[in-house]
Every structure is written in structure tokens, then in C-alpha cells.
Protein chains: 2
Amino acid sequence: MDVDARKRLPLFPIGIVQRLTGLSARQIRYYEQHELVHPARSEGNQRLFSFVDVERLLEVRTLLDEGLNMAGVKARLAKRQNRRRSDSAELTDEQVYQHIRQGLLEPRTPSGVSEFQGDLFRFYRKH
Amino acid sequence: MDVDARKRLPLFPIGIVQRLTGLSARQIRYYEQHELVHPARSEGNQRLFSFVDVERLLEVRTLLDEGLNMAGVKARLAKRQNRRRSDSAELTDEQVYQHIRQGLLEPRTPSGVSEFQGDLFRFYRKH
DNA sequence: CAGGCCATGTCAGGTTTCCTTACATAAGCC
DNA sequence: GGCTTATGTAAGGAAACCTGACATGGCCTG
């Protein structure tokens with residue numbers, strides 16, 4: 001499984017994203033309204049943000065600081081978009097969750113104690 | 001900032017952790033009660049789990065599958081604990097949040113467009 | 001300068017998610 | 001059979017989130 005699938009996994013409620021980005025909930029929702037981010041939703045309709053979403057919000061904030069308006073930011077981000085989109089197989093979120101759950105069913109140390117080398121670990125360490 | 005600080009950052013509510021681990025909320029709280037995990041709490045007393053917590057829960061699940069009981073799991077995990085605990089400077093969660101927020105205020109590409117190399121990126125990629 | 005627009009703040013009313021506590025139960029063990 | 005252990009489930013309440021509406025300060029622009 002590539003890193004992208006994990007980066008796109010819906011993980012954070014808006015409250016955490018506020019702390020990660022320094023943006024207010026109002027700002028985040030406003031940016032979504034203007035299609036600068038597209039967080040997933042829980043069954044109960046609550047926003048769930050991925051790492052990609054958070055990164056994007058950090059970029060939005062930077063571009064706004066530079067004096068761009070909503071449309072300007074959107075255009076800037078759209079450009080980048082073209083340099084990506086070269087993904088391989090798509091996975092559903094549930095498949096990624098499942099994969100992570102099985103992360104520790106993999107190789108162990110001689111002592112039999114896991115060494116934390118499950119798939120989850122690759123969230124922050126490129127093995 | 002080392003990776004550990006990010007791994008310990010309180011990020012996930014229990015609902016997400018359920019999906020990441022395949023455990024029920026009841027199980028997760030029960031394990032906490034038996035001191036197998038120690039999630040942080042929000043101001044409103046809601047549990048907030050870090051990557052370390054999630055990894056730990058995945059381990060707990062594995063060990064339980066192997067037939068250990070609460071005490072057994074705790075003992076096993078305690079052993080590993082001794083191999084760690086060689087950390088350097090401690091940072092408060094708020095400091096880590098702040099650092100992440102400034103992630104995109106760093107170097108840019110010649111085009112002026114960020115290349116996503118902020119600190120957040122190191123959650124899953126060891127630069 | 002008056003009038004607009006844009007980005008954000010704030011409040012209200014309602015829903016979802018989470019909290020603790022308590023009771024129920026299946027499985028394993030003496 | 002009668003414990004203990006791990007888990008399910010329900011109740012009542014609190015926290016966090018949702019949408020929609022209105023308010024406002026800063027900036028243009030005529």
C-alpha cells in the first residue's frame with residue numbers, strides 16, 4: 001500500500017484541525033464552501049479531515065496571507081493538482097483501515113514482541 | 001523536532017480509533033481502565049489518542065489474541081517500555097501544534113508554490 | 001464618502017458523538 | 001455449580017459538531 005492511501009484517510013474532526021492549522025472552525029467551513037478542501041463526512045455528517053486536507057489548509061492559510069482571495073487560492077491550488085493525479089489503484093477508506101488493523105500481524109522480533117513495524121508506522125516513517 | 005513528539009500528539013477521538021483498530025469503544029475504555037493505554041483528554045474530558053496509543057492498542061489486541069489476559073498484556077508491554085524512555089527534550093502538545101502550523105512557512109520551490117515539505121509531512125515520511 | 005463585497009465572528013437550535021455508571025452474559029476455570 | 005474475566009448494552013448527561021442567520025471591520029470603487 002502506498003503512502004497516499006494513508007494520507008487521504010479521514011482521521012480528524014474539525015476541533016483537532018483547528019489546533020493543527022490555527023484556523024477557526026468558521027474559516028475551515030468557509031474554505032470548504034469555496035471548494036478549497038473536501039473533507040470526508042462521518043455517518044452522522046460530521047467532517048473528517050485527512051493529512052492531505054490539513055496540508056491543504058495550511059497552504060490555503062499561507063496563500064491568503066500572501067494576499068490572495070478565495071478564487072485566487074483555488075486557482076493556485078488547481079495548478080498543483082495537475083502535477084499529481086498519477087495514482088495507481090484506488091482503495092476504499094475501509095480497506096485502508098482494515099490494512100492498518102492487520103499491521104501488527106506481520107513480522108516479529110525473535111523475542112516475539114512486536115517492534116512496531118506495522119503499516120501504521122509508515123504514517124510518519126518511510127521504512 | 002524528532003518524530004516521537006508527533007507520534008505522541010493527541011489527535012484522534014475514540015470513534016476513529018475504533019475504526020483504526022477494529023476494537024469496540026467498550027474494549028478501548030476497558031483497556032485504559034487496566035492501564036494498557038493512557039490517552040490524553042480534551043478540555044471537555046473526551047479521550048484523544050495519539051499514534052503511539054493506536055499502535056499500543058493494536059499490540060494489545062494481538063497479545064489478547066495470543067491468549068494473554070489484562071495482567072499478562074500489561075507485563076509484556078511494560079518490558080518494552082524499558083527499551084524506550086531515552087528521549088531528549090520534552091515538548092508540550094501545544095508547542096508541537098504550533099510547530100506544525102508553521103510547517104509551510106518554510107522553503108519553497110522556485111515557482112513559489114509550496115512543495116508540501118512542512119513538518120506535518122514527516123508524520124509519514126522520514127525525510 | 002457612501003455603498004458593496006469579502007472574510008470572519010458569533011449566536012441559536014438541533015444532532016451526533018462521547019462520557020460514566022450500572023447491569024447482563026458468555027466463556028473459561030476451580 | 002459458582003467465580004472471574006472480557007465484553008455487550010442501555011440510560012442519562014455533557015461535549016463537540018452541524019447548519020443557517022445576522023453582525024462587522026477592512027477594502028475597493030464609483
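A, B, ... follow the sequence lines: proteins, then strands. Residue 1 opens every chain.
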Closer than 4.0 angstrom, basic N to acidic O: yes or no for A:Arg41 and A:Glu32? yes
Checking B:Arg8 side chain against B:Val52 main chain: does a donor-acceptor pair fall under 3.5 Å? no
Reference residue B:Leu57; test side-chain contact (heavy atoms from CB on, under 4.5 Å); the match among B:Leu36, B:Leu23, B:Thr62: B:Leu23
Is it true that the side chains of A:Asp53 and A:Ser50 contain a donor and an acceptor less than 3.5 Å apart? yes
Atom CG of A:Leu20 and atom CD of A:Gln18: how far apart are they, to the nearest 0.5 Å? 10.5 Å
Send over the distance from A:Ile28 CD1 to C:dG9 C1', rounded to a whole Å. 14 Å
Respond yes when some side-chain nitrogen or oxygen of A:Ser42 is under 4.0 Å from OP1 or OP2 of C:dT16, and no when none is. no
For the student: nearest non-hydrogen atoms of A:Pro13 and A:Leu48, plus distance: N-CD2, 4.3 Å
Which atom of A:Thr21 lies closest to which atom of A:Ile28, heavy atoms considered: OG1-CD1, 4.3 Å
Please report, rounded to the nearest Å, how far the P atom of C:dC18 is from the CD1 atom of A:Ile16. 12 Å
Sugar-phosphate, base or nothing in reach of B:Arg29, heavy atoms under 4.0 Å: base
Show each protein N/O and nucleotides 4-8 of chain C N/O combination with a separation under 3.5 Å, one pair to a line.
residue, atom, partner, partner atom, Å
C:dA7, OP1, A:Met70, N, 2.9
C:dA7, OP2, A:Tyr30, OH, 3.1
C:dT8, OP1, A:Gln27, NE2, 2.9
C:dT8, OP1, A:Tyr31, OH, 3.0
C:dT8, OP2, A:Tyr31, OH, 2.8
C:dT8, O4, A:Arg26, NH2, 3.0

Plane angle bin for B:Phe51 and A:Phe51 - parallel if under 30°, tilted between 30 and 60°, otherwise perpendicular: parallel
Of all nucleotides in DNA chain D with an atom under 4.0 Å from a non-hydrogen atom of chain A, which is the first and which the last going 5' to 3'? D:dC17 to D:dT19
